[in-house]
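Just so it is clear, the structure is predicted and the values come from calculations on it, not from any experiment. The analysis underlying the following values was restricted to heavy atoms, covering all of them including side chains, and did not include hydrogens, waters or symmetry mates.
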Amino acid sequence: MLWTRWLVLLLCWGATGSEQQADERGAVPAEVRSDSRRERSPPPVEPLDFGFVPAAVYNTHAYYEPGSIGILFHMVHAFLYMVQPNLFPKDLIVKVIQQNMGGIKIEEWRKPENVVLLLQWIQYESGFLVCATFGVVFVVLIPIIAMCFCMCRCCDNCGGEMHQRQRKNADCHRGFYTASLIATTIFIIVGVLIALAANHNISSQVKSTRRLINTNMRDLKTFANNTPAQVDYLTAQYTTAKNKVLSDLDNIGPLLGGRIHIQLEKSVIPSLDTALRMAGAMRETKEALENVSSSLEVLQDGVGKLQASLSGERASLSNTLSDPACTNGAVSHTCNTIRSTLSQLGINADFSKVPDVNHALANVNTVLKTDLSNIVQKGYASFNDTPRLVKEQTKNIVAALPRVKGMLDKIGAEITGFSKMFPVEASLANFTIFLNERHKAIESYYPQIDQMDFYRWIACVAVLCMVVLVLAFNILGLLCGNCGYDKQATPTTRGCLSNTGGNLLMAGVGFSFIFAWVLMAIVTTLFVVGGNVEKLICEPLANRQLFKIIDTPFLVHPEKRNFLPGMLFQNPNIDLTLGGMYRECYDNNGLYHALQLETMFNINSFLNRTVYNRDLAKVFDSVQVDLQGITLLEQAGRDNLINFANSGIGQIDYQAYLTEVNKGVTLIDLLSFCSDLEAQADQLPRGALENALRGHASSIRSIHREQVVPLEQAMKYVRARSTLHQSIKQLQKTSNDLPVKVTNVLSAIDAAEYLITHNASHVVKQETKVYVQGLVGYFKQYTEWVRNSLSAEVAQCKPISNIVDSMEIVGCSFIIDSVNTFWFGLGGCCILLIPSIIFSVKLAKYYRRMDTEDVFEDSSYPWLVAL
């Protein structure tokens, strides 16, 4: 029909194949494409949010749970598995179909290959053939046996003679036959109930069939009604990509300039950071030099006063030792000893000998008159101004926005026009009308279906009534026979009730012979048909083996590979199978993906002519950016760094400072010197010399207490020493290879400026290309989203798989399983009629009134009386 072709064409427009856009992108230079292979992969494009395609909600739940009757279904399946345990003969069926596509001819079966196929088929059907043969033999033999049985009884044989011989174990035989007949009757009742349940299940599932039909029709209508809205949503979302492209073009300065800035800052920012750290080092050097100068003044003042005090005390002590009393022989040795220690009475750390740092400090102050930090910050500002430069130099792009917007609007109009080329809504409206008509036509058959089902139900009940009639005779016969049986009565004097029970049992035997072969004929027919349908259609359909047969390559024609695409698209070479389509629809994917329409309808070339057009490429190629106006470090900053390197801090003798700082205040411990001096005075005779020496010891102690101790412990001097030590260490670290460090900083600045001046064009081209790829990437996202949506969200074909599953449920679960369960129960009844006949005949002999009986006389048979 025409509407089906339009429905297929409706979905073709969204195909996005994998072919390269070689023709439409021919304007791109070959060398640019080759360079792109060596360049880094571009950063991921910002993802766009296209929202969610309006989803269709399908109401059909193609799932059937049989409930308690499922136990009977499983029993039947187990029986069929015992009858037919062979695997599904896929290869055999394929060979049979392929060799008989031109029609079945008798003479063709005489060929060896066909004879082999026939033998293989017979081997596969051997279980069914054996059971069917048994059924046919049963149907044929039962009437014959019944006729022979009747003739035999008419001749007073086969239990027809109305005479019963007396036996000692007659009650035991009667009890055995009664129990056996009761058990057989119970099993027959079970079989009747099984068949009756299956018969009722068919009728009850007819209503469920209507529900499945209604929900499937409703889902097909939902499919037809939702598809146009889904297609319109796909075309409308082109606006999302278009607006994003226009937004990025309008903000080309921050975006493209930001990309260029990010790429260049890997080399530029570290060099500026190094220069900024050098500016900080200048300030720290000045502070360190000032700390050295101030600390040195404090320490020189304190040490100078101590040195003056110790020098005066040493001179006074020397004068005392020059006293004539020291010439005395006993005293002279002590005086000489004291005189030899006078050289130790002096200062150890002499800060007046260390070099002055004022010259270096003056040079550093001169260097700091130029604010290097400010100059470096200007370099930062100049480099960070890259987005503004790009914006200024890409005004032509911003000015072309109206023209670009017109191009994009034209593209959107072409996409919308392409989707409107097919009369989607009209086709789907016709499809909806067709569904409504088919639904009404199906509903018009409901009364006939109900009537046919009623007739079927009546027929099945009538068949079961045959068995029920036999059961009724058996049960009534057992009741009457057992209730009327009298052990004291002889066979000829049995009561009417007992005789009626025997007659009813024989009536049951008669009706069993009349109905058994008819019932077995029905069972055999239903068994052969229903069993083969279950094994050859239902089971393969459940495990999808049936699809593999239909999807076998070259099944219907030696030159046509696949059946389904040949029927739908007249192209059998497309790799489309019925099983694959069913799986895709079962997963609720789109019909476009399920039918593999991308092999038939591909709009790649259409998208290349529209989205990826050359007019847009020309606009993008006109991007030109020049960054030579960026200055990272002015000449004053360079001179400032060089002057700092030549400030003289590298010529300071830092080791001399550290040596003096690490020395003690005095050459010797003054307290020890005083103690030794007093000890020497104790060796002298009492007098003026002794007193003078003790006075000198007291003066030295005063010097230690008033000058040495403060120099060692007073915060002023301690802080001065600590500051001097730290500052010297810092200066020593800063001045270490200072010219080399400055040279490295300047080299890094030069390299960064060289990169901006000479190699920035490559970076600009690279980032411009990435920027353009980002713009194109938005359209690629749109086309990819369209492809994915068509594959998974648009025209979801779950209703198709639901129809297949519903057909399986109705045909197999509702009908075939119930039919098979019916013949399973009825067949059991037929087989059990045989022992029922035997036991009824045997038992009737004990209930019926006989014409004659055995009479024994005591004289004639004494041995029998004794028994």
Practice task
State whether Phe88 and Lys535 meet the cation-pi test: NZ (Lys) or CZ (Arg) under 6.0 Å from the six-membered ring centroid, and within 45° of the perpendicular axis.
Solution key: no
Practice task
Please report the shortest heavy-atom distance between Ser813 and Phe73, naming the atom on each side.
Solution key: O-CE1, 4.0 Å
Practice task
With side chain to side chain contact (heavy atoms under 4.5 Å, CB included) as the test, would you mind laying out the steps for Val139 and Val518 before giving the verdict?
Solution key: CA-CA 7 Å; Val139 170; Val518 178; over 6 Å; no
Exercise for the section: Say whether Gln120 and Tyr124, considering side chains only, have a donor N or O and an acceptor N or O under 3.5 Å apart. Expected result: no
Practice task
Would you mind reporting whether Ile809 and Gln205 have side-chain heavy atoms less than 4.5 Å apart?
Solution key: no
Exercise for the section: Look at atom CD1 of Ile458 and say whether more than 12 heavy atoms of other residues, nucleotides or ligands are closer to it than 6.0 Å. Expected result: yes
Practice task
Classify the side-chain pair Glu65/Tyr63 by whether it contains a donor and acceptor separated by less than 3.5 Å.
Solution key: yes
Problem - Atom CD1 of Ile122 with >12 non-hydrogen neighbours under 6.0 angstrom - result: yes
Exercise for the section: Measure across Ile188 and Cys829 and return the closest heavy-atom pair with its distance rounded to 0.1 Å. Expected result: O-SG, 3.3 Å
Handout entry: Polar contact flag, side-chain donor to acceptor under 3.5 angstrom, Lys221-Asn436
Key = yes
Handout entry: Test item: side-chain donor near acceptor, Asp805 and Tyr582, under 3.5 Å
Key = yes
Exercise for the section: Ignoring hydrogens and angles, tell me if any N or O in the side chain of Lys798 forms a donor-acceptor pair with the backbone of Asp587 under 3.5 Å. Expected result: no
Problem - Smallest separation among heavy atoms of Leu536 and Pro540, with atom names - result: O-CG, 3.4 Å
Problem - Member of Val819, Ile815, Ile816 meeting the side chain to side chain contact (heavy atoms under 4.5 Å, CB included) criterion with Val533 - result: Ile816
Handout entry: Donor-acceptor contact present, side-chain Gln796 to main-chain Ala792, <3.5 Å
Key = yes
Handout entry: Close side-chain approach of Phe515 to Leu469, heavy-atom, < 4.5 Å
Key = yes
Problem - Under 3.5 Å side-chain donor-acceptor pair for Thr215 and Asn59 - result: no
Handout entry: Between His77 and Asn820, a side-chain donor and acceptor under 3.5 Å
Key = no
Handout entry: Crowding at OH, Tyr81 (>12 non-hydrogen neighbours, <6.0 Å)
Key = no
Handout entry: Pairwise side-chain contact, Leu181 with Ser840, heavy-atom cut-off 4.5 Å (strictly under)
Key = yes
Handout entry: Side-chain heavy atoms of Leu72 within contact of Met75, under 4.5 Å
Key = yes
Exercise for the section: Please test Phe511 against Met466 for side chain to side chain contact (heavy atoms under 4.5 Å, CB included), starting from the C-alpha separation and ending with a verdict. Expected result: CA-CA 8 Å; Phe511 281 110; Met466 298 179 186; over 6 Å; no
Problem - Thr227 side chain to Ala224 backbone, donor-acceptor under 3.5 Å - result: no
Problem - Parallel, tilted or perpendicular: rings of His173 and Tyr177 (30°, 60°) - result: tilted
Problem - Ile142 side chain reached by Ile834 side chain, heavy atoms, under 4.5 Å - result: yes
Practice task
Let me see the working for Arg210 and Ile213 under side chain to side chain contact (heavy atoms under 4.5 Å, CB included), right down to the final yes or no.
Solution key: CA-CA 5 Å; Arg210 296 181 182 180; Ile213 293 174; 5.6 Å; no
Practice task
Kindly determine whether Phe822 and Leu464 satisfy side chain to side chain contact (heavy atoms under 4.5 Å, CB included), including the steps that lead there.
Solution key: CA-CA 10 Å; Phe822 180 81; Leu464 293 176; 4.1 Å; yes
Problem - Carboxylate-amine/guanidinium proximity below 4.0 Å for Arg544 and Glu808 - result: yes
Exercise for the section: On the 0 to 90° scale, with breaks at 30° and 60°, tag the Phe149-Phe513 ring pair as parallel, tilted or perpendicular. Expected result: tilted
Problem - Ser836 and Asn474: side chain donor to acceptor below 3.5 Å - result: yes
Problem - Geometric class of the Phe814/Tyr64 ring pair [parallel <30°, tilted 30-60°, perpendicular >60°] - result: perpendicular
Practice task
Would you indicate whether the side-chain heavy atoms of Glu534 and Asp817 approach each other to under 4.5 Å?
Solution key: yes
Fill in the blank from the handout: Heavy atoms of Cys797 and Ala594 approach each other most closely as SG-CB, 3.8 Å
Exercise for the section: Verify whether one side chain among Gln84 and Asn86 offers a donor that lies under 3.5 Å from an acceptor in the other. Expected result: yes
Practice task
Mind telling me whether Phe128 and Phe527 have parallel, tilted or perpendicular rings, with 30° and 60° as the class edges?
Solution key: tilted
Problem - Residues Asn199 and Arg456: side-chain donor-acceptor under 3.5 angstrom - result: yes
Fill in the blank from the handout: Between Phe138 and Ala516 the two heavy atoms that sit nearest each other are CE2-O, 3.6 Å
Problem - Flag side-chain contact, heavy atom, 4.5 Å: Trp823 against Ile522 - result: no
Problem - His200 atom NE2: more than 12 heavy-atom contacts under 6.0 Å - result: no
Exercise for the section: Flag yes if more than 12 heavy atoms outside Trp457 fall under 6.0 Å of its CH2 atom; otherwise flag no. Expected result: no
Practice task
Would you check if the distance from the ring center of Tyr58 to the ring center of Phe223 is below 6.0 Å?
Solution key: no
Practice task
Measure across Ser512 and Leu833 and return the closest heavy-atom pair with its distance rounded to 0.1 Å.
Solution key: OG-CD2, 3.9 Å
Practice task
Answer yes or no: is there a donor N or O on one side and an acceptor on the other, between the side chain of Asp219 and the main chain of Thr60, under 3.5 Å?
Solution key: yes
Exercise for the section: Scan side-chain atoms only and decide if Gln123 and Ser126 contain a donor-acceptor pair under the 3.5 Å cut-off. Expected result: no
Exercise for the section: Would you check if His439 and Asn216 make a side-chain contact, meaning some heavy-atom pair closer than 4.5 Å? Expected result: no
